[in-house]
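For reference, the structure is listed below as structure tokens.
Every number for a ligand or one of its atoms is a count from 1 in the order of the listing. Throughout, residue positions are numbered sequentially from 1 according to the sequence presented.
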Amino acid sequence: MNFEVFSVRTGESGMKSERDTGADGILANQWASVRAKLQQEVGDVEYRTWLKQVALAGQDGDELTLILPTRFLRDWVSKEYGALITAIWQAENASIRRVDIRTQPARGTAPNLAEPTIGQVSPGRPEARADVIAPLDQRFTFDTFVVGKPNEFAYACARRVAEAPATQGFNPLFLYGGVGLGKTHLMHAIAWELSNGPRHGKPVSVAYMSAEKFMYRFINALRNQSTLEFKNELRSVDVLMIDDLQFLIGKDNTQEEFFHTFNALVDAGKQIVISADKSPSDLSGLEDRLRTRLGCGMVADLHATTFELRISILEAKAIRAGVDVPAKVMEFLAHKITSNVRELEGALNRLVAHANLFNRPVTLETAHEVLHDVLKAYDRRVTIQEIQKKVAEHWNIKVSEMSSARRSRNVARPRQVAMYLAKQLTSKSLPDIGRNFGDRDHTTVMHAVARVTALIGTDAAFAEDVELLRRMLES
Ligand code: ADP
Ligand code: MG
């Protein structure tokens, strides 16, 4: 094996911390997220009474073990919440097939947190490789990365670096963009690609770690008076990847150390890949000389996703999961969940987990039902003003007509549609909505809602107009 990621080799002396970003860190993060969702799902009181004491014992392949202090609690939680916990876990991590709830970890299933998460496509366990590849998510390869307008440049740069590390102009490669847009995915993909064999007969060693992990290791080295080893270890790699560099802001000593490592590596002709949530010039709080050096290679932006890209991603993920998801459901998700790919993926996983759990096909109805809480959060983002504007544009009338007293059909109908949409897409009350339409009474709004609902049932062209508007407003 020519490929090595030293940061998470099992048995390394590095500390095990909650904030560790190795496979155990990933698992711990998932568990935190599952707990938060559980709490949301069952409410604070129930959560505190029954679920707060559930602890994560570990993962063994596709099986997770949770433990509770008493048998009574174990029986109760398994019976009352077992299915829910499993569904939420599967939504969080599609590779989990079974969640075992026990009073203590059974023999033979001792926590094996270094196990990499395994994608659904590869149910087999990678045996001896776990120690080497543990921190890299198996699902994060170039093959599984869906390319579209918003990310094609970053993708091309990542490909280029994977093919020819340390090429002039591409060193350092600085990838930046908002949360959940694929930065980590691309970094892992580069590492996977480089692991596919030696370059020019020489083994390539890659170190991938989050900036946070970098800091922990550095602090640990200071404490153990082993900074020299740490430096040498870092400086011996061919490719150094630091994820989420923004974490180093305000951590001056660590920044300093990183700066020196960075310079040493670049001077020695090694490749550096960095990710952050902002461009080098926007990362305020970073030392100027570091910022300057970061910007001297290739800077590639991962833009917010478009509707088309979201659909492509959903299609790819559904195929991988081997689940039949109707086009209508994908469109619905792609319209609703626009912020980032992680949430989009989470929603799809949840639908799939639900369908598996209850052995029912994925439909638009189940999507509404299962994603109720997620969607509610999105719905609140549409304002009455936006609705009025879009509807007015659609029928070519002035926005001011939404509040005017005129009652001629060509303005009254759009106004009714806007009221109807305001009721559907916002959480505003009828009187509230009325006030936003030239101080109309809530009964007028009620009438508008009833009128539009009736028309949708009888006039297909009108129904299509309304549906189109709804979609535009939701996207
Ligand atoms: P970031 O590091 O930018 O916050 P990640 O790389 O962790 O985001 O991506 C979040 C999730 O979305 C991951 O599961 C990743 O596989 C998925 N993802 C993001 N972009 C894409 C894409 N273009 N194609 C397929 N999956 C993607
Ligand atoms: Mg990331």
Discussion item. To check your reading of the model: name the closest protein heavy atom to atom 12 (O) of ligand 1, its residue, and the distance in Å.
Written reply: Val341 CG1, 3.3 Å
Practice prompt. Everything protein-side that's N, O or S and under 2.8 Å from the Mg ion (ligand 2): list it, residue and atom.
Written response: Thr184 OG1
Worksheet entry | Arg289 charged N/C atom sitting above Phe259 aromatic ring, 6.0 Å / 45° | yes
Worksheet item: What atoms of ligand 1 come within less than 4.0 Å of a heavy atom belonging to Gly178?
Response: 3 (O)
Worksheet item: To the nearest 0.1 Å, how far is atom 26 (N) of ligand 1 from its closest protein heavy atom, and which atom is that?
Response: Lys317 NZ, 3.0 Å
Worksheet item: Looking at atom 6 (O) of ligand 1, what's its closest protein heavy atom, distance included?
Response: His185 N, 2.8 Å
Worksheet entry | Nearest neighbour in protein (non-hydrogen) for atom 23 (N) of ligand 1 | Val146 O, 2.8 Å
Discussion item. So if I apply the side-chain contact (heavy atoms from CB on, under 4.5 Å) rule between Thr261 and each of Ile242, Ile272, Leu240, which one comes out positive?
Written reply: Leu240
Fill in: Numbering as shown, the atoms of ligand 1 that approach Val179 to under 4.0 Å (heavy-atom distance)
4 (O)
Worksheet item: For ligand 1, which atoms, with element, lie under 4.0 Å from some heavy atom of Thr144?
Response: 24 (N), 25 (C)
Response to the item:
The protein heavy atom nearest to atom 4 (O) of ligand 1 is Gly180 N, 2.7 Å
Fill in: Heavy-atom nearest neighbour in the protein, as seen from atom 14 (O) of ligand 1, with distance rounded to 0.1 Å
Glu345 OE1, 2.6 Å
Item to complete: Under the side-chain contact (heavy atoms from CB on, under 4.5 Å) rule, what do Gln255 and Leu290 come out as? Steps first, then yes or no, please.
Response: CA-CA 8 Å; Gln255 244 183 69; Leu290 178 55; 4.0 Å; yes
Response to the item:
Under 4.0 Å between heavy atoms, the region of Arg139 that gets near ligand 1 turns out to be neither
Worksheet item: Does the side chain of Leu245 reach to within under 4.5 Å of the side chain of Ser275, using non-hydrogen atoms?
Response: no
Worksheet item: Taking heavy atoms and a distance under 4.0 Å, where does Ile313 meet ligand 1: side chain, backbone, both or neither?
Response: side chain
Fill in: Check against ring pair (Phe, Tyr, Trp, His ring centres under 6.0 Å), Tyr155 and Phe142
CA-CA 8 Å; Tyr155 172 82; Phe142 283 124; 5.7 Å; yes
Item to complete: Under the ring pair (Phe, Tyr, Trp, His ring centres under 6.0 Å) rule, what do Phe214 and Tyr208 come out as? Steps first, then yes or no, please.
Response: CA-CA 9 Å; Phe214 180 89; Tyr208 164 88; over 10 Å; no
Practice prompt. Please determine which of Arg310, Arg139, Arg350, Lys317 meets the salt bridge (charged side-chain N to carboxylate O under 4.0 Å, His left out) test together with Glu345.
Written response: Lys317
Worksheet item: Among all protein non-hydrogen atoms, which one is nearest to atom 7 (O) of ligand 1, and what is the separation to 0.1 Å?
Response: Arg342 NH2, 2.9 Å
Discussion item. How close do Leu309 and Thr305 get, counting heavy atoms only, and between which atoms?
Written reply: CD2-CG2, 3.9 Å
Worksheet entry | Salt bridge Glu331-Arg471, side-chain N to carboxylate O under 4.0 Å | yes
Worksheet item: Which ligand 1 atoms, with their elements, are less than 4.0 angstrom from a heavy-atom of Phe140?
Response: 13 (C), 14 (O), 15 (C), 16 (O)
Discussion item. To check you understand the geometry: which heavy-atom pair defines the closest contact between Ile384 and Ala422, and what is its length?
Written reply: CG1-CB, 4.2 Å
Practice prompt. Measure from NZ or CZ of Lys79 to the centre of the six-membered ring of Tyr81 and say whether it is under 6.0 Å with the direction within 45° of the ring axis.
Written response: no
Worksheet item: Charged N to carboxylate O below 4.0 Å: is that the case for Lys390 and Glu386?
Response: no
Discussion item. When you measure from the heavy atoms of Ala316 to every atom of ligand 1, does any distance fall below 4.0 Å?
Written reply: no
Fill in: Worked check of ring pair (Phe, Tyr, Trp, His ring centres under 6.0 Å) between Phe153 and His303
CA-CA 10 Å; Phe153 182 65; His303 296 274; 9.2 Å; no
Practice prompt. Would you mind reporting whether Lys183 and Asp244 have side-chain heavy atoms less than 4.5 Å apart?
Written response: yes
Worksheet item: Considering only heavy atoms of Asn151, which atoms of ligand 1 have at least one such atom less than 4.0 Å away?
Response: 23 (N)
Worksheet item: How far is atom 8 (O) of ligand 1 from its nearest protein heavy atom, and which residue and atom is that?
Response: Gly182 N, 3.2 Å
Worksheet item: Among Glu343, Lys183, His188, whose heavy atom sits nearest atom 3 (O) of ligand 1?
Response: Lys183
Worksheet item: Is there any N or O on Leu181 that sits under 3.5 Å from an N or O of ligand 1?
Response: yes
Discussion item. If the test is side-chain contact (heavy atoms from CB on, under 4.5 Å), which one of Ile274, Leu186, Ile190 qualifies with Leu173?
Written reply: Ile190
